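Comments concern the structure below.
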Protein chains: 2
Amino acid sequence: MAPGGAIMLTTMSTSLHFRAIEHLGTRIVSGKLPTGHVMLAEHLEDELKVSRSVVREAVRVLQSLGLVETIKRVGIRVLPAHRWNPFDPMVIRWRLAGEGRGAQLRSLAELRFAVEPAAAELAAENAPGTLRSELVEISLAMREAGRAGDMATFLELDIRFHALVLSGSGNEMFANLIGQVTETLTGRTVHGLMPEHPKEAALQWHVEVAQAISDGDGDKAREASSSIMRETIADLSPGWAGQPRVFVPVERR
Amino acid sequence: MAPGGAIMLTTMSTSLHFRAIEHLGTRIVSGKLPTGHVMLAEHLEDELKVSRSVVREAVRVLQSLGLVETIKRVGIRVLPAHRWNPFDPMVIRWRLAGEGRGAQLRSLAELRFAVEPAAAELAAENAPGTLRSELVEISLAMREAGRAGDMATFLELDIRFHALVLSGSGNEMFANLIGQVTETLTGRTVHGLMPEHPKEAALQWHVEVAQAISDGDGDKAREASSSIMRETIADLSPGWAGQPRVFVPVERR
DNA sequence: TCACACCAATATGTGCAGACATCAAAACTC
DNA sequence: GAGTTTTGATGTCTGCACATATTGGTGTGA
């Protein structure tokens, strides 16, 4: 679905087409339908109790995500995981829901670690004025809420803080990661990975990032953001300890 | 399409469904069909001279990319650009082909600048042994080809070098950027943005990255990779000078 | 007269069923 | 073993019924 799968999910949940995508997508990503497995459209009609058009439209979407390919006279074949589009919101959601959860969280965290400092640097150079000042306000409010131990408010501000940094970069690919970052932050709190009070240093780094962006100091913004990321990774990494890494083949040209 | 749109493009170019996606996708991304523009499925049938099933399957795919939404009793509405999935290979390809080329190149370059050093660091920690040694070999061959001014060989090796670094990270999201990086590198050569001989320093940085990865020295690998990226950005940035930045709105929760 | 609530008409997407076209795997012929 | 035919699955087209949101009209009360 469009960036923001959760919203779509509610508005489209009545559509048979969408349900077919979910059904097949989750089963493929979870590994229940292994690589190379071949299905017949007719068989899917029976299984899902829907008509051919619904199955076909769903298969077409999955095809565009790289999850399956259709071959005449053969059927619908499940593609290997390295062919899936790892940036697609639906694929990410399905991986988070099943086996691949740990590996997916690690991938997202590493991506975020790479991107957020870069986004902070760009925001310092490009962000509109209103965004800069809101960022400073939020960072101060975060510090206050953090010290007070008001974790609900803290989470809300934290989410908005990181969203603003990503948005303020003026890079739409960075901004597109807002959803995943939001999920990470909420997940961390929901799963009880946050301490009673956030570390004072972390609070200070947020203020630093905001101030540096506000001052247009790209280097400082990047550095402070890196510090936050290091801390975040340290908090989260136990969640994916021991997950095997997958090395996608580099085909020779 | 699956990661690797170019391949799909050739294998599927006969399909009406695929042509419909391309037709609509390019026109939406290029701005010829502006945000909010409403189309009727029936009208698209006439325009493309195809049947409903083809149109519907195409619209479903575009919907999953966030390019359009379908509303009962209204039609098919074009969504604003900030709803498009900026990581989708098709969207990227369409943007590169039209108006948004400059902005798209900048986005990709910034993403690459953020990701490649991180990938190099991870590769130093995780890459399999064979990959490490191949990387060293390639970096040395690159230096040789570069000094000899054999730019064809250099480009080929350069592509494989960066692909191996991304793949060696063991992060499938990083690895998925191989296609875009390849396109950037080829484009830079094809469009005559490369000097007669690559700079000696750049050649040396590549060797350094490979050696550091081979030695498992993550910090050094990251630093050397950053140097390459700074150089690369400096070479390419004139290509998108003056492109306006788009700040995607952060919706309040 | 105006404002509002309600209801019916209607256009459009959604889903279904069946037909024929196309193409590649598999079986068959020589 | 090479070439040909058969076969079976996807690809495409079409007609139809249903669900639903917009639209406009209708009625009621202020």
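Values below: every heavy atom of this structure, side chains too, minus hydrogens, waters and symmetry copies. Numbered from 1 within each chain, the chains take letters A, B, ... in sequence-line order. These numbers were taken from a predicted model, which means no experiment stands behind them.
In the model, Gln63(A) has a side-chain atom that pairs as donor or acceptor with a side-chain atom of Arg60(A) under 3.5 Å.
Contact annotation: Ser51(A) does not reach the phosphate of dG15(C) (side-chain N/O to OP1 or OP2, under 4.0 Å).
Under the salt bridge (charged side-chain N to carboxylate O under 4.0 Å, His left out) test applied with Glu172(A), the options Arg106(B), Arg95(B), Arg245(B), Arg83(B) reduce to a single match, Arg95(B).
Atom CD of Glu42(A) is separated from atom P of dA17(C) by 13 Å (rounded to the nearest Å). Rounded to whole Å, atom C1' of dT14(D) lies 12 Å from atom CZ of Arg56(B). The CZ atom of Arg19(B) sits 16 Å away from the P atom of dG11(D) (whole-angstrom rounding). Atom C1' of nucleotide dT10(D) and atom CG of Leu62(A) are separated by 16 Å, given to the nearest angstrom. Nucleotide dA9(D) holds its P atom 11 Å from the CD1 atom of Ile76(A), rounded to whole Å. Residue Ile71(A) contributes atom CD1, which lies 18 Å from atom P of dG8(D) at whole-angstrom precision. Protein atom CG of Asp46(A) is 13 Å distant from nucleotide atom P of dA9(D), rounded to whole Å. Rounded to whole Å, the distance from CE on Met39(B) to P on dG13(C) is 10 Å.
Crowding of Glu99(A) atom CD: a count of heavy atoms from other residues, nucleotides or ligands under 6.0 Å not exceeding 12.
The base of dG13(C) has none of its N or O atoms less than 3.5 Å from a complementary donor or acceptor on the side chain of Arg60(B).
The residue among Lys49(A) and Val74(B) whose nearest nucleotide of DNA chain C is located toward the 5' end is Val74(B). Nearest-nucleotide assignment on DNA chain D puts the 5′-proximal partner with Arg52(A), out of Lys72(B) and Arg52(A). Remark on DNA chain C: of its neighbouring residues Leu40(B) and Glu57(A), the 5'-side contact belongs to Leu40(B), judged by nearest-heavy-atom nucleotide. If Thr70(A) and Arg73(B) are placed on DNA chain D by their nearest nucleotide, the residue sitting closer to the 5' end is Thr70(A).
Proximity of Arg56(A) to Glu57(B): side-chain heavy atoms (C-beta onward) are separated by under 4.5 Å at one or more points.
Between dG15(C), dA9(D), dC13(D), one nucleotide has an atom nearer to the side chain of Leu16(A) than all others, and that is dG15(C).
Across all their heavy atoms, Val68(B) and Val78(B) have their closest contact at CG1-CA, 4.3 Å.
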